[in-house]
Amino acid sequence: MKPLKLVVVSAGLSRPSSTRLLADRLAEATERRLADGEAAVEVRVVELRDLAGDIANAMVTGFPAAALREAIEAVTEADGVIAVTPIFTASYSGLFKSFFDVIDNTALTGKPVLIAATGGTARHSLALEHALRPLFVYLRALVVPTAVYAASEDWGTGGDARTDGLAARVVRAGGELAGLMLRRPPAAGPIDAGRLDDVVPFEQQLAALRP
């Protein structure tokens with residue numbers, strides 16, 4: 001069977017980036033659920049930081065350069081997309097929005113999309129619902145029910161009596177995306193965070209990414 005294509009769009013600006021870290025964990029969770037469904041998957045990461053100049057030029061000229069055109073084709077031809085942005089001024093980043101602005105507004109119709117974001121405070125978590133979800137609904141994508149927001153304090157915590165920890169939310173969202181990619185409903189029952197459990201402090205996880 002032909003492998004499914006999973007494309008991860010990360011709008012993180014720094015290196016290392018908590019946005020990229022969250023994107024990678026979501027991709028891992030999705031891959032694992034697809035593997036449970038005996039589906040092969042090819043994962044590609046699109047780092048918008050590397051395409052910033054090309055995106056700006058395409059906004060002005062209407063003609064994407066080769067690298068940007070390749071990234072756009074990867075997203076539009078994917079079987080599933082993970083889109084992760086840092087939150088600036090209570091909304092998605094300008095770079096993130098500009099990338100999806102240069103994609104034809106019908107290209108994501110019916111495509112499964114998992115939305116996620118990172119920020120310094122949990123107070124901006126609703127940006128997922130008032131900014132990101134409406135954006136992809138407008139583009140007619142199939143947005144998974146669970147959106148994942150990671151504030152600085154979420155890394156290394158297990159949640160409380162009313163909220164799941166970050167690891168559980170990552171696993172749930174990945175399972176929902178995999179289900180849509182396989183055209184299957186998500187499995188019911190408790191979430192098993194497994195090896196994705198967040199036990200390493202945020203600063204140590206970022207330090208581990210540094211070359």
Side-chain angles (χ1 to χ4, degrees), residues 1-12 17-48 71-85 92 96 99-100 103 107-118 125 128-129 132-150 154-155 158-159 163-199 205:
M1 186 174 66
K2 190 175 181 180
L4 295 172
K5 296 178 181 179
L6 175 63
V7 174
V8 182
V9 178
S10 172
S17 163
S18 60
T19 301
R20 174 60 189 271
L21 178 60
L22 178 59
D24 287 344
R25 303 195 102 189
L26 290 165
E28 182 182 359
T30 306
E31 282 187 271
R32 287 181 180 174
R33 188 57 63 88
L34 289 170
D36 291 344
E38 300 182 348
V41 59
E42 295 177 353
V43 180
R44 171 169 177 175
V45 178
V46 175
E47 283 275 15
L48 298 188
I72 291 172
E73 289 174 354
V75 170
T76 57
E77 294 174 2
D79 296 292
V81 174
I82 296 172
V84 191
T85 178
Y92 39 60
F96 181 87
F99 175 71
F100 287 100
I103 296 177
L108 299 184
T109 300
K111 191 175 301 295
V113 175
L114 191 169
I115 57 173
T118 57
S125 60
L128 284 165
E129 302 303 328
L132 269 78
R133 194 177 296 276
L135 168 65
F136 288 100
V137 168
Y138 172 78
L139 295 173
R140 292 172 243 172
L142 295 177
V143 187
V144 305
T146 300
V148 180
Y149 182 85
D154 285 323
W155 301 94
T163 60
D164 292 326
L166 177 59
R169 285 180 276 133
V170 164
V171 172
R172 180 184 296 111
E176 291 169 354
L177 179 60
L180 286 176
M181 292 174 68
L182 294 168
R183 300 299 191 239
R184 299 174 185 171
I191 298 296
D192 179 11
R195 288 173 292 166
L196 289 173
D197 190 26
D198 290 300
V199 294
Q205 294 191 52

| Is V171 close to R33 at the side-chain level, that is, under 4.5 Å between some pair of heavy atoms? | yes
| said: If you compare all heavy atoms of L22 against all heavy atoms of A150, which two are closest, and at what distance to 0.1 Å? | reply: CD2-CB, 4.0 Å
| task | With the side chain counted from C-beta on, respond yes when T30 and M181 share a heavy-atom pair under 4.5 Å apart, and no when they do not. | result | yes
| task | Could you tell me whether the side chain of E77 reaches within less than 4.5 Å of the side chain of K5, counting heavy atoms only? | result | yes
N/O donor to acceptor pairs below 3.5 angstrom from side-chain atoms of residues 109-117, sequence neighbours left out:
residue: T109; atom: OG1; partner: T106; partner atom: O; Å: 2.9
residue: K111; atom: NZ; partner: T76; partner atom: O; Å: 3.0
residue: K111; atom: NZ; partner: A78; partner atom: O; Å: 2.7

| task | Could you list all the side-chain hydrogen bond (donor to acceptor under 3.5 Å, both in side chains) pairs where at least one residue sits in residues 137-149, not counting sequence neighbours? | result | T146-E176
| query | Side chains of I72 and F99: does their closest heavy-atom pair fall under 4.5 Å? | reply | yes
| Closest non-hydrogen atom pair, A39 against L182 | CB-CD2, 3.6 Å
| remark: Sequence neighbours excluded, the answer for salt bridge (Lys or Arg N to Asp or Glu O under 4.0 Å) partners of E47 is R20
| task | Mind checking ring-ring contact (aromatic ring centres under 6.0 Å, His included) for F96 and listing every partner two or more places apart, or none if nothing turns up? | result | F100
| said: Could you check whether any side-chain N or O of D79 sits under 3.5 Å from a backbone N or O of L4, counting only pairs where one atom can act as donor and the other as acceptor? | reply: no
| field | Contact summary for R133 and P145, nearest pair of heavy atoms | value | NH2-O, 3.1 Å
| remark: The reported gap from CD1 in I82 to CD in E28 (rounded to nearest 0.5 angstrom) is 11.0 Å
| message | Just so I know, are the side chains of P3 and V41 near enough to count as touching, which here means a heavy-atom distance under 4.5 Å? | response | no
| query | Below 4.5 Å, heavy atoms only, C-beta onward: do L48 and T85 meet side chain to side chain? | reply | no
| field | E42: side chain to side chain donor-acceptor pair (under 3.5 Å) partners, not counting sequence neighbours | value | none
| request: Identify, with sequence neighbours excluded, every residue that meets salt bridge (Lys or Arg N to Asp or Glu O under 4.0 Å) alongside E73. | output: none
| field | Audit row: V84, V9, side chain to side chain contact (heavy atoms under 4.5 Å, CB included) steps and yes/no | value | CA-CA 6 Å; V84 191; V9 178; over 6 Å; no
| message | Distance check, rounded to the nearest 0.5 Å: L177 atom CG versus L34 atom CG? | response | 7.5 Å
| said: Checking S10 now: which residues fulfil side chain to side chain donor-acceptor pair (under 3.5 Å) with it, not counting sequence neighbours? | reply: none
| query | Are any non-hydrogen side-chain atoms of R44 and L6 less than 4.5 angstrom apart? | reply | no
